[in-house]
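Just so you know, these numbers come straight off a predicted model, no measurement behind them. In what follows, every chain begins at residue 1, and chains take the letters A, B, ... in the order their sequences are listed.
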There are 2 protein chains.
Amino acid sequence: MSENKTTLTDAVHDLLKKAIIEQALKPGMRLPEDTVGEQFGVSRTIVRHAFVRLEHEGLIATRRNRGAFVAEPTRDEAQNVFEVRRCLESDVIRLLCKRMPESGYDRLESHVRHEQAVRGKDGPVAIRLAGEFHILLAELTGNPVLARYVAEVVLRCSLILSLYARSHSSDCAVDEHSQIIEAIRSGDAAAAIAIMEHHLGAVADRAALVNPQDSIQSILSHYGKELAP
Amino acid sequence: MSENKTTLTDAVHDLLKKAIIEQALKPGMRLPEDTVGEQFGVSRTIVRHAFVRLEHEGLIATRRNRGAFVAEPTRDEAQNVFEVRRCLESDVIRLLCKRMPESGYDRLESHVRHEQAVRGKDGPVAIRLAGEFHILLAELTGNPVLARYVAEVVLRCSLILSLYARSHSSDCAVDEHSQIIEAIRSGDAAAAIAIMEHHLGAVADRAALVNPQDSIQSILSHYGKELAP
DNA sequence: GGCAAGCAAATTGTATCCGATTGACGGATG
DNA sequence: CATCCGTCAATCGGATACAATTTGCTTGCC
């Protein structure tokens with residue numbers, strides 16, 4: 001934590017984000033400002049700034065005078081996030097079918113090859129790459145605003161899957177990524193969107209099916225709110 | 001500024017947001033933390049927290065050790081925001097055609113009547129209501145995540161129009177709002193989207209046509225970035 | 001044995017303070 | 001006369017200090 005050309009807040013923000021999406025920090029886990037601060041060797045001020053951003057991104061939730069917690073979306077919230085993701089990624093496809101940049105296909109195929117290289121490994125790298133494919137698609141539209149929103153929902157989806165899905169390993173079938181590329185190349189927006197919907201639908205459905213028997217305290221915490229107003 | 005049940009940061013955030021979209025704070029205007037803080041009677045800490053959120057929402061831009069400025073989007077950025085807005089609002093229409101809630105039409109028509117009541121007045125109220133129609137549409141989807149994104153881009157569009165458009169008075173033709181409601185009621189998603197696209201397209205085009213001869217320093221400030229890395 | 005009230009500890013909300021970086025002004029110099 | 005460099009004021013990034021609120025535990029009472 002010695003020298004950064006970027007601001008400390010950014011660094012802490014990125015680190016926490018990474019920790020959350022890699023499931024190092026599990027949903028519902030408490031994040032006291034002091035603890036985080038002294039862990040990274042920074043003051044509470046910095047941590048607090050990072051928390052503001054993370055809360056805005058939906059990755060943590062803060063309650064007045066009670067502290068910050070890693071977000072623990074309900075099924076409803078999760079469905080909402082997935083719905084927005086489907087909408088946004090459909091829009092991305094539509095735009096790409098109209099104006100895919102020259103180097104676009106090369107970059108996409110290169111990324112898919114990268115994904116295939118780590119296929120089967122059930123680690124943080126695979127999780128990250130799977131998400132980054134979708135973020136790369138959004139970036140290729142040339143619209144940074146759209147790309148930021150896509151990146152945000154993709155991240156939240158990672159968090160959601162870590163709550164409700166059993167394993168990350170097959171979140172994004174690499175084959176389907178290739179299919180999406182081909183569909184876009186053919187210029188058939190409807191077909192490409194159909195594949196993407198199927199691709200994302202499968203992920204969302206899988207999340208909805210799993211009963212989170214391994215996180216009893218998570219379930220109870222939701223019911224508990226009723227008794228303690 | 002005496003008693004708030006919500007946190008001070010929220011209050012400052014809301015106030016600044018309101019000031020920006022009502023053009024009280026004009027794009028490019030400087031926002032020193034001290035000034036804002038003592039103006040609202042709070043410390044710089046609070047202001048900085050509010051700034052973090054505002055920057056995330058694209059309403060202000062901060063430069064290291066130089067302070068915060070009301071966002072001054074370039075034409076490219078503005079086009080990107082409008083594009084995302086078109087995408088998101090089309091998605092909203094699609095969803096509403098499938099599942100408009102019972103009270104939805106009542107609330108929409110009530111809002112339109114409210115808009116007609118202030119028709120012709122070129123004040124902050126008209127600006128706010130015009131945007132809130134679109135935000136209300138998004139909220140009726142029942143998806144808060146989508147609603148938040150729509151609210152964000154609508155706000156940014158307000159800011160953009162205050163930069164590039166001559167007048168806010170005719171941003172949202174109230175008649176077109178009624179047409180949109182009717183199109184959704186008929187269940188014809190394609191038609192409704194077409195109207196919405198036209199509605200938003202007109203606004204965007206108007207913004208693109210106006211040459212901002214009245215803000216030379218704004219133009220130069222953009223070119224100036226090239227010389228001063 | 002259970003419940004309510006009250007006290008102590010922990011944690012957040014806010015303010016103030018110090019150091020660092022930036023931009024500007026002004027004088028020295030080729 | 002233009003350019004360069006040093007000093008200075010302004011402002012932000014970050015740390016620390018204090019106040020307010022919540023929480024959990026203890027204690028006493030029913």
Side-chain angles (χ1 to χ4, degrees), chain A residues 1-16 25 28-56 59-72 217 220-221 224-229, chain B residues 1-16 25 28-56 59-72 217 220-229:
Chain A
M1 223 51 25
S2 45
E3 25 108 331
N4 308 309
K5 57 182 175 183
T6 170
T7 182
L8 283 178
T9 303
D10 297 333
V12 173
H13 175 253
D14 285 353
L15 255 47
L16 287 175
L25 296 173
M29 197 172 274
R30 218 161 145 274
L31 292 174
E33 296 176 356
D34 297 353
T35 311
V36 178
E38 68 192 33
Q39 195 64 26
F40 289 130
V42 298
S43 137
R44 278 179 50 219
T45 311
I46 310 301
V47 178
R48 178 177 286 268
H49 280 206
F51 280 3
V52 172
R53 307 232 301 248
L54 289 170
E55 180 173 30
H56 200 103
L59 293 180
I60 70 172
T62 65
R63 300 172 67 177
R64 185 180 174 82
N65 284 316
R66 300 245 276 113
F69 302 80
V70 178
E72 204 173 8
Q217 76 282 3
L220 293 183
S221 77
K225 286 173 191 165
E226 317 263 337
L227 315 177
Chain B
M1 210 58 14
S2 46
E3 24 107 330
N4 308 307
K5 57 181 176 183
T6 169
T7 183
L8 283 177
T9 303
D10 298 332
V12 173
H13 175 254
D14 285 354
L15 255 48
L16 286 175
L25 296 173
M29 196 172 275
R30 235 173 127 262
L31 292 174
E33 295 177 357
D34 295 345
T35 310
V36 177
E38 68 193 33
Q39 193 64 27
F40 289 130
V42 298
S43 135
R44 277 180 51 221
T45 311
I46 309 300
V47 179
R48 281 170 64 187
H49 286 183
F51 280 4
V52 172
R53 306 232 302 249
L54 289 169
E55 180 171 32
H56 201 102
L59 293 181
I60 69 171
T62 65
R63 299 174 68 177
R64 184 180 176 80
N65 284 319
R66 296 244 284 120
F69 302 80
V70 179
E72 205 173 8
Q217 75 281 8
L220 294 182
S221 77
H222 295 149
Y223 286 93
K225 287 173 189 164
E226 317 263 337
L227 316 177

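Relative orientation of the His56(B) and His56(A) rings is tilted, given thresholds of 30° and 60° on the angle between their planes.
Note: Thr9(B) OG1 to Arg48(B) CZ = 11.5 Å, rounded to the nearest 0.5 Å.
Looking at His49(B) and Thr7(B), their side chains never come closer than 4.5 Å, going by heavy atoms from C-beta outward. For the pair Phe51(B)/Ile60(B), a side-chain contact is recorded, criterion being any heavy-atom separation below 4.5 Å from C-beta on. Residues Leu15(A) and Val12(A) have side chains not in contact (no heavy-atom distance under 4.5 Å, counting atoms from C-beta outward). Between Phe69(A) and Thr62(A), the closest side-chain pair of non-hydrogen atoms is not below 4.5 Å.
Screening Leu8(B), Leu54(B), Ile46(B), Val47(B) for a side-chain contact (heavy atoms from CB on, under 4.5 Å) with His13(B), the sole residue that qualifies is Leu54(B).
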Let me check something: any side-chain donor-acceptor pairs from residues 28-38 of chain B under 3.5 Å, sequence neighbours excluded? List them with distances.
{"residue": "Glu33(B)", "atom": "OE1", "partner": "Arg44(B)", "partner atom": "NE", "Å": "3.0"}
{"residue": "Glu33(B)", "atom": "OE1", "partner": "Arg44(B)", "partner atom": "NH2", "Å": "3.2"}

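Across the protein-nucleic acid pair, Phe51(A) atom CZ and dG13(C) atom C1' stand 14 Å apart, rounded to whole Å. Across the protein-nucleic acid pair, His13(B) atom NE2 and dT14(C) atom C1' stand 19 Å apart, rounded to whole Å. The distance between atom CZ of Arg66(A) and atom P of dT11(C), rounded to the nearest whole Å, is 13 Å. Whole-Å rounding puts the His49(A) NE2 to dT14(C) C1' distance at 12 Å. One atom, CG of Asn65(A), and another, C1' of dT12(C), lie 5 Å apart when rounded to the nearest Å. Going from atom CZ of Arg64(A) over to atom P of dG13(C) covers 7 Å, rounded to whole Å. Nucleotide dT22(C) holds its P atom 14 Å from the CZ atom of Phe69(B), rounded to whole Å.
The span of DNA chain D lying next to chain B, judged by atoms under 4.0 Å from heavy atoms, is bounded 5' to 3' by dT11(D) to dG14(D).
Contact annotation for Thr9(A): backbone-only contact, meaning every heavy-atom pair under 4.0 Å involves sugar-phosphate atoms and none involves a base.
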Pairwise N/O distances under 3.5 Å, protein to nucleotides 15-17 of chain C:
{"residue": "dA15(C)", "atom": "OP2", "partner": "Ser43(B)", "partner atom": "N", "Å": "3.0"}
{"residue": "dA15(C)", "atom": "N7", "partner": "Thr45(B)", "partner atom": "OG1", "Å": "3.2"}
{"residue": "dT16(C)", "atom": "O4", "partner": "Thr45(B)", "partner atom": "OG1", "Å": "3.4"}

